[in-house]
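Here's the structure we're looking at; comments come further down.
Proteins get letters first, then strands, A, B, ... in listed order; numbering begins at 1 in each. What you see below is based on every heavy atom in this structure, not just the backbone, and it leaves out hydrogens, waters and symmetry mates.
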Number of protein chains: 2
Amino acid sequence: MSDLLERLRGRGWRMTAQRRVVAEVLAGDHVHLTADEVHARAVAKLPEISRATVYNTLGELVTLGEVLEVSTDKRAKRYDPNAHRPHHHLVCAQCGAIRDVHPTGNPMADLPDSERFGFTVSDVEVTYRGVCPNCAKA
Amino acid sequence: MSDLLERLRGRGWRMTAQRRVVAEVLAGDHVHLTADEVHARAVAKLPEISRATVYNTLGELVTLGEVLEVSTDKRAKRYDPNAHRPHHHLVCAQCGAIRDVHPTGNPMADLPDSERFGFTVSDVEVTYRGVCPNCAKA
DNA sequence: ACCTAGATTGGATAAAGTCCAGCAACGATT
DNA sequence: AATCGTTGCTGGACTTTATCCAATCTAGGT
């Protein structure tokens, strides 16, 4: 993840304690935190960090293509740091747990021209829904 | 759409002016209104209808499987009355326009067991993103 | 060490949705 | 047609999520 900071610096990002902390908090696979969760964890490392800064930083990371915004059906947006290996999501309908998945096939190829309504289609997002093993037990 | 009202009545839904109006407002293809938009249009037909009722009714329609909740990336959830013909969505990244699309292939079959993490997968939602002809012109 | 563009802060505000207590009315029954 | 129990409706308060902004601070170049 420190390569992330390198890359950002290369793009003229001014490095601050706050931004470093947000980047640290987001590291890892299967990480899909809400802005508030990011803020809570950031505060643990840097008590004075403000909510606004967390929102700003997340927004910038999304704009720069380093982090993906994931809208599962929950109320709050979630942020996915795994932007460089394309993947989709599997969501538990009961507890909201999210896993990264890599389906075979290419959904992009499955949309015929006749179904594109003249759009220039650039991206697909696939969300699988189901019940996770934990919730199935209960 | 009046068959919808029939079906609901058959399921023990008590019929009221408010519910009728909400159902009317939702009729049609490529309809993806936010709760607030539904409320605005409902008010035009029945001035006293309250926001809470619109939210309640939409929630019930979703529970009954008559309407789908669509989370594109906008802030507000949208409601899609076309629940009985399965379909996916194509969203303009600029203006937010939404079209119903029917891709070929079955994304469900593209998720191998090894990528299911023990989940019981029951549903897939595919969202294509791009730029619509209108926005492309500008 | 200094300077300035850019970043941070926290509080106000907005937008979307939920909750609740009291009133209204659907429709089954007689 | 009148009654009545149950369910639905209302409107306002409240919660959650997110954005805006003016004042203040700081990273990093010189």
A/E125 vs B/R129, salt bridge (charged side-chain N to carboxylate O under 4.0 Å, His left out): CA-CA, chis, key distance, verdict: CA-CA 8 Å; A/E125 188 184 321; B/R129 291 179 201 290; 3.0 Å; yes

Within this structure, what is the [atom1]-to-[atom2] distance between [X] and [N], rounded to whole angstrom?
X: B/E48; N: C/dA24; atom1: CD; atom2: P; result: 13 Å
X: A/L8; N: D/dG28; atom1: CG; atom2: C1'; result: 16 Å
X: B/M15; N: D/dC9; atom1: CE; atom2: P; result: 10 Å
X: B/I49; N: D/dG8; atom1: CD1; atom2: C1'; result: 11 Å
X: B/Q18; N: C/dA24; atom1: CD; atom2: C1'; result: 10 Å
X: A/R19; N: D/dG28; atom1: CZ; atom2: P; result: 10 Å
X: A/N56; N: D/dC21; atom1: CG; atom2: C1'; result: 11 Å
X: B/L61; N: D/dG8; atom1: CG; atom2: C1'; result: 14 Å

Distance-only donor-acceptor test (3.5 Å): side chain B/R14, base D/dT7: yes

B/A17 vs B/A35, nearer the 5' end of DNA chain C by closest nucleotide: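 First, find each residue's nearest nucleotide; the 5'-ward one identifies B/A35.
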
DNA chain C: 5'-proximal contact among B/R78 and B/T16 (nearest heavy atom): B/R78

N or O in side chain of A/S50 less than 4.0 angstrom from C/dG10 OP1/OP2: no

Contact under 4.0 Å: B/R51 side-chain N or O vs C/dT18 OP1/OP2: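 B/R51 to C/dT18 OP1/OP2: no side-chain N or O under 4.0 Å.
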
Of the nucleotides [options], which one has an atom closest to the side chain of [X]?
X: B/R75; options: D/dA18, C/dA7, C/dT9; result: D/dA18
X: A/Y55; options: D/dA18, C/dT9, C/dT18; result: D/dA18
X: B/A76; options: D/dT10, C/dA16, D/dA27; result: C/dA16
X: A/K77; options: D/dG8, D/dT19, D/dG11; result: D/dT19
X: A/A52; options: C/dG10, D/dA27, C/dA16; result: C/dG10

Identified side chain to side chain contact (heavy atoms under 4.5 Å, CB included) partner of A/Y79 from the options A/L26, A/V70, A/L68, A/T34: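 Exactly one candidate clears the test, A/L26.
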
Verdict with reasoning, B/V124 to B/V126, per side-chain contact (heavy atoms from CB on, under 4.5 Å): CA-CA 7 Å; B/V124 202; B/V126 181; 4.3 Å; yes

Candidate pair B/R85 and B/D100, rule salt bridge (charged side-chain N to carboxylate O under 4.0 Å, His left out), full reasoning: CA-CA 10 Å; B/R85 209 130 28 101; B/D100 292 354; over 6 Å; no

Non-hydrogen atoms of B/R19 and B/R14 that approach each other most closely: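 Closest heavy-atom pair between B/R19 and B/R14: NH1-O, 2.9 Å.
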
